Student: 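Below is the structure I would like to discuss, written out as structure tokens.
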Amino acid sequence: MSDRLAKIRSHMENFEKGFLDDVKEDAKLRMEKEILGCIEGLERGLERIDALHATTTETRMRRKESILNIQQVLSNADVLKDRLTIHATTVTMATDPPDVD
């Protein structure tokens with residue numbers, strides 16, 4: 001009888017060991033899958049960050065171009081104002097000469 005109990009005990013231990021090994025393997029596979037999912041999520045996040053950085057850089061470049069264009073327009077406006085002032089002075093002097101006493 002003790003041989004039969006030893007065999008049963010041995011079978012039970014083997015079953016437990018196999019079961020625990022299966023559980024450990026399953027847990028390991030689930031953990032690996034979860035880690036891979038996290039890595040993929042991080043990669044997608046980095047791609048989004050890269051895209052945002054490119055968009056931000058492009059926006060900054062356009063803003064700098066706009067500022068330069070505005071500065072050029074202001075400079076042209078100053079030149080035009082100076083020319084109009086000279087022209088207005090010339091027209092005023094031609095139509096209303098100064099009194100010379």
Side-chain angles (χ1 to χ4, degrees):
M1 180 99 164
S2 67
D3 280 345
R4 287 182 74 196
L5 285 177
K7 280 185 177 182
I8 292 172
R9 200 172 275 138
S10 175
H11 286 301
M12 289 298 292
E13 287 172 1
N14 287 339
F15 176 78
E16 280 182 15
K17 183 178 183 300
F19 179 76
L20 290 176
D21 288 346
D22 288 347
V23 168
K24 286 178 189 177
E25 186 64 27
D26 186 49
K28 180 181 168 189
L29 291 174
R30 279 187 280 134
M31 191 62 111
E32 286 175 356
K33 186 177 178 181
E34 193 171 322
I35 289 170
L36 287 175
C38 290
I39 290 170
E40 289 171 356
L42 288 172
E43 288 172 343
R44 285 191 303 271
L46 286 174
E47 288 171 0
R48 283 191 222 129
I49 288 170
D50 287 344
L52 286 173
H53 178 71
T55 302
T56 302
T57 301
E58 186 178 321
T59 301
R60 284 182 186 151
M61 293 300 289
R62 278 196 246 133
R63 187 174 7 153
K64 285 179 183 178
E65 288 174 7
S66 295
I67 290 170
L68 290 174
N69 288 340
I70 291 168
Q71 289 172 338
Q72 184 63 45
V73 167
L74 290 173
S75 175
N76 291 343
D78 283 344
V79 169
L80 184 59
K81 182 185 89 172
D82 292 343
R83 286 183 183 168
L84 287 173
T85 301
I86 291 170
H87 181 71
T89 303
T90 304
V91 168
T92 301
M93 289 179 76
T95 58
D96 190 18
D99 292 334
V100 180
D101 290 333

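Here the structure is a predicted model, which means the values were calculated and not measured.
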Student: Show me, pair by pair, the donor-acceptor contacts under 3.5 angstrom made by side chains of residues 72-81, not counting sequence neighbours?
Tutor:
| from | atom 1 | to | atom 2 | distance (Å) |
| --- | --- | --- | --- | --- |
| Gln72 | NE2 | Asn76 | OD1 | 3.0 |
| Asn76 | ND2 | Gln72 | O | 3.4 |

Student: How many angstroms lie between CD in Glu58 and CZ in Arg62, if you round to the nearest 0.5 Å?
Tutor: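 Glu58 atom CD to Arg62 atom CZ measures 4.0 Å (nearest 0.5 Å).
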
Student: Membership question, hydrophobic clusters at under 4.5 Å side-chain separation (ILVMFWY): are Met31 and Val23 in the same one?
Tutor: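 Different hydrophobic clusters.
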
Student: Among residues two or more places apart or on two chains, list those pairs meeting side chain to side chain donor-acceptor pair (under 3.5 Å) that have a residue in residues 28-56.
Tutor: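 Those involving residues 28-56 are Asp26-Arg30.
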
Student: Which value, rounded to the nearest 0.5 Å, describes the distance between Thr89 atom OG1 and Leu84 atom CG?
Tutor: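 That separation rounds to 10.5 Å.
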
Student: As an exercise, state the distance from CE of Met61 to OG1 of Thr57, rounded to the nearest 0.5 Å.
Tutor: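 It is 9.0 Å, given to the nearest 0.5 Å.
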
